[in-house]
Peer 1: 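If you scroll down you'll find the structure; I have some questions about it.
Reckoned from all heavy atoms, side chains included, excluding hydrogens, waters and symmetry mates. Note on naming: letters A, B, ... go to the chains in the order of the sequence lines (proteins, then strands), and numbering restarts at 1 for each one.
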Number of protein chains: 2
Amino acid sequence: MTGNRDMTAETDFLRPLVTVDVVILTLKDGGLQTLLMKRAAEPFRGDWALVGGYIHPEEDDDLEAAARRILGVKAGIAAPYVEQLQGFGDRRRDPRGWTVTFAYVALIASEGMMLSKGANADSVAWWPVAGSGVEPALAFDHTRILAAAVTRIRNKVEYTSLPVHLMPPCFTLTDLQRVYEQILGRPMDKSQFRRRIAEAEFLEAVPGEFRLASNRPAQLYRIRAGLSTIFFDRTI
Amino acid sequence: MTGNRDMTAETDFLRPLVTVDVVILTLKDGGLQTLLMKRAAEPFRGDWALVGGYIHPEEDDDLEAAARRILGVKAGIAAPYVEQLQGFGDRRRDPRGWTVTFAYVALIASEGMMLSKGANADSVAWWPVAGSGVEPALAFDHTRILAAAVTRIRNKVEYTSLPVHLMPPCFTLTDLQRVYEQILGRPMDKSQFRRRIAEAEFLEAVPGEFRLASNRPAQLYRIRAGLSTIFFDRTI
DNA sequence: CCTTCTTCGTGGCAATACGCAACTAACTTC
DNA sequence: GAAGTTAGTTGCGTATTGCCACGAAGAAGG
């Protein structure tokens with residue numbers, strides 16, 4: 001026992017560095033992909049890592065605001081779907097000392113991703129997610145964080161409308177079904193799928209808009225105004 | 001812009017105090033109840049608050065270890081079901097300055113709860129959860145944390161075997177059904193309930209053990225060895 | 001203009017699951 | 001041994017699901 005720890009004033013407790021790490025997921029080339037940055041500084045220099053940064057309490061009102069700011073500054077991404085995943089505070093996760101992180105998951109549509117190089121990385125790239133992880137070993141405990149994120153999203157897709165955040169503003173029901181199928185890794189029945197979407201009533205047809213090809217045109221849909229993620233009664 | 005923030009060494013970033021707050025839930029008197037401590041110190045002196053404490057990075061291997069240690073030290077509770085809920089880091093949540101917390105949820109069986117008075121509280125009590133909260137206004141943002149915990153647990157009960165952690169080591173299927181009903185607030189069909197439990201195969205009959213009363217005795221069950229929380233295919 | 005090709009969107013069952021309620025079982029009490 | 005109470009199972013009408021097929025709507029090509 002150190003003896004004096006429990007008697008010290010609150011401000012004498014050990015204070016860690018606090019970061020936010022964001023697992024950015026999108027759908028590219030028929031599967032989930034995540035945005036990683038190659039670390040330019042020690043520790044783990046040269047390793048791939050999640051997009052993350054320190055919280056600036058003076059300008060970040062809360063944790064989600066910090067996540068969104070970091071998303072903008074480090075990856076040039078604005079206002080996607082952002083959800084807190086979990087905190088990680090293992091005392092050995094950072095060789096520099098005790099560092100805790102709040103992990104977030106962000107979903108963005110495949111389009112409109114402008115990648116800007118961060119000050120702390122010399123490279124940014126999309127990596128395909130195989131299983132619940134990615135090919136290279138990641139810095140810190142980021143492999144574990146990524147796995148937790150992918151598991152969370154896969155589970156949630158089973159009973160929510162979460163994949164709409166991976167879609168462009170207008171899309172067809174077939175498009176949406178493909179996205180569900182790619183995330184869940186299994187084919188779904190067209191008839192069943194459309195029944196579920198219809199009774200959840202979170203989409204609306206865009207009047208007069210159709211996707212045209214050399215076949216029957218498909219109705220375009222968009223998310224009904226004011227609605228965020230919908231929870232279905234049962235699995236989709 | 002302060003100008004010098006982004007150029008400082010990592011160790012110069014603002015470091016918050018880091019706490020763990022545990023929402024302890026049990027089933028008493030026919031409903032969910034949560035364990036609260038009356039604060040003996042400022043701020044919020046005299047207000048009720050969640051059981052919480054500072055992380056001791058030298059002795060807590062990770063966040064869950066800290067939660068379990070605090071559970072033991074502050075509430076005298078050992079080894080129940082513990083799950084991380086969410087992190088809260090709003091810069092205004094603590095009037096003393098920036099403090100972040102990792103909120104946990106703990107479920108314990110109604111029996112075997114020895115309440116010990118913590119150094120920082122002059123009173124400990126169980127409060128019934130009405131809706132998703134509790135009658136008194138809580139210290140800090142604990143009302144919000146409690147609401148998030150109750151919502152999480154209620155949702156999870158719909159499709160998991162989570163309520164077994166609120167049960168004694170041996171129990172009857174009728175007991176378990178009552179627990180589900182009390183948490184979800186609605187009656188369930190006996191036949192349906194037993195089918196779901198049977199096909200999930202996470203319970204085993206305790207051979208020869210029966211609950212005796214002035215009527216037909218009921219088979220006692222226990223959780224099968226090595227199993228934790230089960231996710232059902234559909235809602236129970 | 002008519003045939004072919006492709007994808008869209010809906011409709012039609014057979015099989016399964018669910019909700020509901022009755023029924024039997026087992027044990028105590030009077 | 002009749003009454004009362006809770007345990008545990010069975011049966012059945014109805015709703016939901018899974019699966020597949022059919023018609024619709026366009027482009028392309030002869």
Side-chain angles (χ1 to χ4, degrees), chain A residues 30 157-161 163-164 167-168 170-182 184-222 224 230-236, chain B residues 30 157-161 163-164 167-182 184-222 230-236:
Chain A
V157 165
E158 290 276 5
Y159 57 95
T160 67
S161 68
V164 295
M167 308 298 293
C170 287
F171 48 88
T172 68
L173 292 182
T174 304
D175 292 340
L176 185 60
Q177 186 179 339
R178 293 286 166 273
V179 171
Y180 271 92
E181 289 173 338
Q182 286 171 4
L184 295 176
R186 59 177 158 86
M188 305 180 73
D189 179 66
K190 182 167 57 165
S191 173
Q192 192 81 4
F193 183 82
R194 292 165 112 93
R195 267 189 293 223
R196 282 292 157 79
I197 297 296
E199 69 197 20
E201 296 182 331
F202 66 100
L203 294 184
E204 61 182 4
V206 186
E209 294 289 323
F210 293 91
R211 194 228 48 181
L212 295 173
S214 68
N215 48 29
R216 177 170 172 175
Q219 176 69 58
L220 287 174
Y221 289 85
R222 64 180 168 221
R224 278 176 53 188
I230 300 297
F231 287 74
F232 300 129
D233 294 345
R234 315 194 168 277
T235 60
I236 192 156
Chain B
V157 165
E158 290 275 5
Y159 56 96
T160 68
S161 67
V164 295
M167 308 298 294
C170 289
F171 49 88
T172 68
L173 292 182
T174 305
D175 292 340
L176 185 59
Q177 186 179 338
R178 294 284 166 276
V179 170
Y180 270 93
E181 291 173 337
Q182 284 171 5
L184 295 177
R186 58 177 158 87
M188 306 179 74
D189 178 65
K190 183 167 56 164
S191 170
Q192 192 82 2
F193 182 82
R194 292 164 113 93
R195 267 188 293 220
R196 284 291 158 81
I197 298 295
E199 68 196 20
E201 296 182 330
F202 66 101
L203 295 183
E204 62 183 3
V206 186
E209 292 291 322
F210 293 90
R211 191 227 50 179
L212 297 172
S214 67
N215 48 29
R216 175 170 174 175
Q219 177 70 58
L220 287 175
Y221 289 84
R222 65 180 166 220
I230 300 296
F231 287 74
F232 300 128
D233 294 346
R234 315 195 170 277
T235 58
I236 194 157

Peer 1: A:Met188 CE to D:dC20 C1': how many Å, rounded?
Peer 2: 17 Å
Peer 1: Using whole Å, report how far CZ of A:Arg211 lies from P of C:dT6.
Peer 2: 14 Å
Peer 1: Between B:Arg216 and C:dA25, is there a contact of a side-chain N or O with OP1 or OP2 at under 4.0 Å?
Peer 2: no
Peer 1: Considering only side-chain heavy atoms of B:Thr174, which listed nucleotide, D:dA7, C:dC18, C:dT28, is closest?
Peer 2: D:dA7
Peer 1: Among C:dG9, D:dG8, D:dT17, which nucleotide sits nearest the side chain of A:Arg234?
Peer 2: D:dT17
Peer 1: For C:dC8, does either OP1 or OP2 sit under 4.0 Å from a side-chain N or O belonging to A:Arg194?
Peer 2: no
Peer 1: Select one nucleotide: of D:dT16, C:dA17, D:dC19, the one nearest the side-chain heavy atoms of B:Arg196.
Peer 2: C:dA17
Peer 1: Side chains of B:Thr160 and B:Phe202: closer than 4.5 Å at any heavy-atom pair?
Peer 2: no
Peer 1: Rounded to the nearest angstrom, tell me the gap between atom CG in B:Asp233 and atom P in D:dG18.
Peer 2: 12 Å
Peer 1: How about B:Arg194 and B:Thr174: do any of their side-chain heavy atoms sit closer than 4.5 Å?
Peer 2: yes
Peer 1: For B:Thr172 and A:Thr235, find the nucleotide of DNA chain D closest to each by heavy atoms; which residue's nucleotide sits nearer the 5' end?
Peer 2: B:Thr172
Peer 1: If you find the nucleotide of DNA chain C closest to B:Pro217 and the one closest to A:Pro217, which residue's nucleotide is nearer the 5' end?
Peer 2: A:Pro217
Peer 1: Between C:dC8 atom P and A:Phe171 atom CZ, what is the distance in whole Å?
Peer 2: 14 Å
Peer 1: Rounded to whole Å, please give me the gap between CZ in B:Phe193 and C1' in D:dT9.
Peer 2: 16 Å
Peer 1: Quick one: which of D:dA28, C:dG19, D:dT16 gets closest to the side chain of A:Ser214?
Peer 2: D:dA28
Peer 1: Hey, what do you get for CZ (A:Phe210) to SG (A:Cys170), rounding to the nearest 0.5 Å?
Peer 2: 12.0 Å
Peer 1: Toward the 5' end of DNA chain C, which comes first, A:Asp175 or B:Glu199, by nearest nucleotide?
Peer 2: A:Asp175
Peer 1: Could you state the CG-P distance from A:Asp189 to D:dC20, rounded to the nearest angstrom?
Peer 2: 9 Å
Peer 1: How long is the line joining OH of B:Tyr221 and C1' of D:dG8, in whole Å?
Peer 2: 9 Å
Peer 1: Over how many whole Å does the gap from B:Asn215 atom CG to D:dA2 atom C1' extend?
Peer 2: 17 Å
Peer 1: Look up atom OH in A:Tyr180 and atom CZ in A:Arg196, then write down how far apart they are to the nearest 0.5 Å.
Peer 2: 11.0 Å
Peer 1: Using modelled atom types and a 3.5 Å cut-off, is there a donor and acceptor pairing between side-chain atoms of A:Gln219 and backbone atoms of A:Val206?
Peer 2: yes
Peer 1: Please state whether the base of C:dG11 and the side chain of A:Ser191 form at least one donor-acceptor pair under 3.5 Å?
Peer 2: yes
Peer 1: Could you check which of D:dA7, D:dG18, C:dG9 has an atom nearest any side-chain atom of B:Lys190?
Peer 2: D:dA7
